[in-house]
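The block underneath contains the structure these notes are about, expressed in structure tokens.
Each chain gets a letter, A, B and so on, in the order the sequences are listed, and its residues count up from 1.
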4 protein chains.
Amino acid sequence: MAPRTEEQFTEIRNEKIKLIMDTALEAFAQNGYESTSISTIAKAAGISKGLMYNYFPSKVALLQRIIMEGMDVFMQFLEVKDESRIKKEELIQFIDGNLQSLKESTDYYRLYFSLIFQPKVFHLLGNDFMVIFEQLVNKFVLYFTQQGEKNPYGKARFILAIFDGVGIHYISDTEHFPLDEVRDMIVEML
Amino acid sequence: MAPRTEEQFTEIRNEKIKLIMDTALEAFAQNGYESTSISTIAKAAGISKGLMYNYFPSKVALLQRIIMEGMDVFMQFLEVKDESRIKKEELIQFIDGNLQSLKESTDYYRLYFSLIFQPKVFHLLGNDFMVIFEQLVNKFVLYFTQQGEKNPYGKARFILAIFDGVGIHYISDTEHFPLDEVRDMIVEML
Amino acid sequence: MAPRTEEQFTEIRNEKIKLIMDTALEAFAQNGYESTSISTIAKAAGISKGLMYNYFPSKVALLQRIIMEGMDVFMQFLEVKDESRIKKEELIQFIDGNLQSLKESTDYYRLYFSLIFQPKVFHLLGNDFMVIFEQLVNKFVLYFTQQGEKNPYGKARFILAIFDGVGIHYISDTEHFPLDEVRDMIVEML
Amino acid sequence: MAPRTEEQFTEIRNEKIKLIMDTALEAFAQNGYESTSISTIAKAAGISKGLMYNYFPSKVALLQRIIMEGMDVFMQFLEVKDESRIKKEELIQFIDGNLQSLKESTDYYRLYFSLIFQPKVFHLLGNDFMVIFEQLVNKFVLYFTQQGEKNPYGKARFILAIFDGVGIHYISDTEHFPLDEVRDMIVEML
DNA sequence: AATGAATGAGTCTTCATTCAT
DNA sequence: AATGAATGAAGACTCATTCAT
């Protein structure tokens, strides 16, 4: 057989990396980061422990990578055409995009929420959250200012808090939580 | 010399139990339950590891006790005069009571939220949560029904989700989160 | 009430000591020496841990005392009228006495046997065993020499080995082991 | 470099397992199961504590494996050609085989005897002992029935008790116990 | 790229013993 | 004579990480 090309190797690497990350995400979400061992992940992914360390320098690095890539997806819904002017439709799109990914990536959100309350672990993830979060706040402040809201900052923070609240309730009780109806209630508040 | 009286022993016990629980709550809240070792707690409390086990049969039993005693406090705000008829003032009192204890017992809420997403740990806490939560939902459903809301269940779940959202945002960013203004916005929604 | 006399105090002490020893013997026999904690014994005896140390300087001292007092009882059956001449009846009495105490003090024998194979623990008990055992051997050697047995020492050791074998089988399977029939078989061998 | 082949791994594993089991057997026999720590075994075997758990899931599992593999050896001497007819030579072979392995595997027998009297530990070993023991009893009962003995069951139990008695006496005093002469005395009883 | 044997620090937990009262 | 709170060393076990192959 002809030797594999550089691209093929890269592809294999990327596939393995994705496999490991997906497996780890599920395990972390189900049992918690601390309670999930590298062994467990390796076994579930069908690879050896050693290979894990070939792709990720440490357990926490694996976690970081997972969280960060999830953030990137999240970021997509945040983009607006005109930075100085935000339209209601864009916010609605943002909301719907998020709720959609909430439905599709429950594990990710569960992991995310389970980490957010552990300052020590959370800190390891860097301050990317802060930056993103601030951008978000700013956008909503801008929007509510445009709308003539008397307390745009307060309302912005309120809406974002509502978002997370809805997220954790949906995750904790996926079966019963009336996500679609709640979505409409949020939209009404804009 | 005569041995200590039963009361003396009881007093010693109660003091130590309180000391341990307070210390543990803080540590659990700061670093997470899994990441906090018994050693750490003992050191912080200024006692030996062994003494912990004199008062709590296990690490998880300590956690349970902490959570459950916190729940008892929480339950107070849930009481209403007439179970079949809920007044707006009562709900507002409930909200204010909760926000107040949120301000005062930040550590407790942080711990509470950090556990909710760790199914394995959470399960150990029994289903008391479920029961309390259902009672809460029912109360809000009843209230919104009285108010003639068209979707009382949806609104009830929404409000409760908002509660938790506000809680986690306040905890995560105590300094900046405009809790009092947000409180008014919640009350407006009733 | 008049103050207790010296004798009364001594009596109380002796009763407590007996209580502790009986309780400990049962526990040691049932669960093994290592697996039985001082706490367990104290609780079972209805006294405090501290009091235990009032009567016995250590756990192993308690064990030693139990074993030694049991040995004293055992020694009784060993006495013969004329040290230079041993009668068959005396040996039979010895055998019957032992089998009788085997039936009555199963716990003691169980403990005894459980210790005999742990050189480290066994050593703590001193060499009293050795002394007693040698006396026993000598007596049987003498007897079999009188009987004109061609290998008195071998036979003596054999008989004593048989004793222990019967003991452990009886203890291990009290229900089914035909102790009385076996007793006759031993006597026949004399 | 290429990873080791599966055979290489298997070989390493088997060697280590044997090393651990041999070391553990000696330690258990000398100091008793409870009194022997995993640390001690690891140190004696020249490996780390962690490695033990790579091969044995628990301390008790290690014990079980040691006992069970010893049982397999023991079982060999139990086989007879014709299950319905047992010849004296076969019994003698059984006896000699056992006495031989008693001489060679003193540690194993010491461990075995030390466990028999610790109900809690013994229970963990399952009831394989019971099954084997019953088979043994049955064989001797059959033999003595063939011989026209008036009380075959009693005699069978007696002989087996003698076996254990001889075993423990030989183990407890290997130097002086006249095993070969005693062997002849047992054979005479058949 | 891949394996899993090996390590050792760290975890929860137990328990004999001490000691103030 | 009596209590049980307090200690600390030790035990079984886990697991992230390293490394020879």
Which part of the nucleic acid, if any, lies within contact of C:Tyr55, taking any heavy atom under 4.0 Å across all strands shown: a base, the sugar-phosphate backbone alone, or nothing?
-> sugar-phosphate
From CA spacing to verdict: side-chain contact (heavy atoms from CB on, under 4.5 Å), D:Lys49, D:Ile41 | CA-CA 8 Å; D:Lys49 256 183 305 179; D:Ile41 297 171; over 6 Å; no
C:Asp22 side chain reached by C:Glu26 side chain, heavy atoms, under 4.5 Å = no
To the nearest angstrom, how far is A:Glu15 atom CD from E:dA1 atom P?
-> 14 Å
Atom CZ of D:Arg4 to atom P of E:dA5: distance rounded to whole Å?
-> 8 Å
Where do C:Thr36 and C:Gln30 land on the side-chain contact (heavy atoms from CB on, under 4.5 Å) test, with the steps shown first?
-> CA-CA 9 Å; C:Thr36 303; C:Gln30 297 305 321; over 6 Å; no
C:Ser58 vs B:Tyr33, nearer the 5' end of DNA chain E by closest nucleotide = B:Tyr33
Whole-Å gap separating P (E:dT7) and CD1 (A:Ile38) = 21 Å
Rounded off to whole Å, could you give me the NZ-to-P distance for the C:Lys43 and E:dC15 pair?
-> 11 Å
Do side-chain atoms of A:Tyr55 reach the backbone of A:Asn14 as a donor and acceptor pair under 3.5 angstrom?
-> no
Looking for any heavy atom pair under 4.0 Å, which part of the strands does C:Thr36 touch: base, sugar-phosphate only, or nothing?
-> sugar-phosphate
Angle class for the B:Tyr112/B:Tyr109 ring planes (parallel below 30°, perpendicular above 60°, tilted otherwise)?
-> perpendicular
Can a side chain N or O of B:Arg13 be found less than 4.0 Å away from OP1 or OP2 on F:dA5?
-> yes
Picking from E:dA6, F:dA6, F:dT17, which would you name as closest to the side chain of D:Ile12?
-> E:dA6
Assign each of A:Gly50 and D:Gly46 the nucleotide of DNA chain E bearing its closest heavy atom; nearer the 5' end lies the nucleotide of A:Gly50
E:dG10 base to D:Lys49 side chain: any donor-acceptor pair below 3.5 Å?
-> yes
Hey, which of these two, A:Ser37 or C:Lys16, hits DNA chain F nearer its 5' end, going by closest nucleotide?
-> C:Lys16
Rounded to whole angstrom units, what separation is found between the CD atom of D:Glu6 and the P atom of E:dT3?
-> 11 Å
Can you figure out which of F:dA2, F:dC13, F:dT7 approaches the side chain of C:Ser48 most closely?
-> F:dA2
When both distances are under 3.5 Å in a Watson-Crick or G-U wobble arrangement, the nucleotide paired with F:dA5 is E:dT18
Side chain of D:Phe9 only, please: which of E:dC12, E:dT17, E:dG4 is the nearest?
-> E:dG4
Choose from F:dT17, F:dA6, E:dC12 the nucleotide whose nearest atom is closest to any side-chain atom of B:Tyr53.
-> E:dC12
Which whole-number value in Å describes the distance from B:Asn54 CG to F:dG4 C1'?
-> 8 Å
Atom-to-atom span, CD of B:Gln8 to P of F:dA2 - whole angstrom = 19 Å
Whole angstrom is fine here: how far is it from CG in B:Leu51 over to P in F:dG4?
-> 15 Å
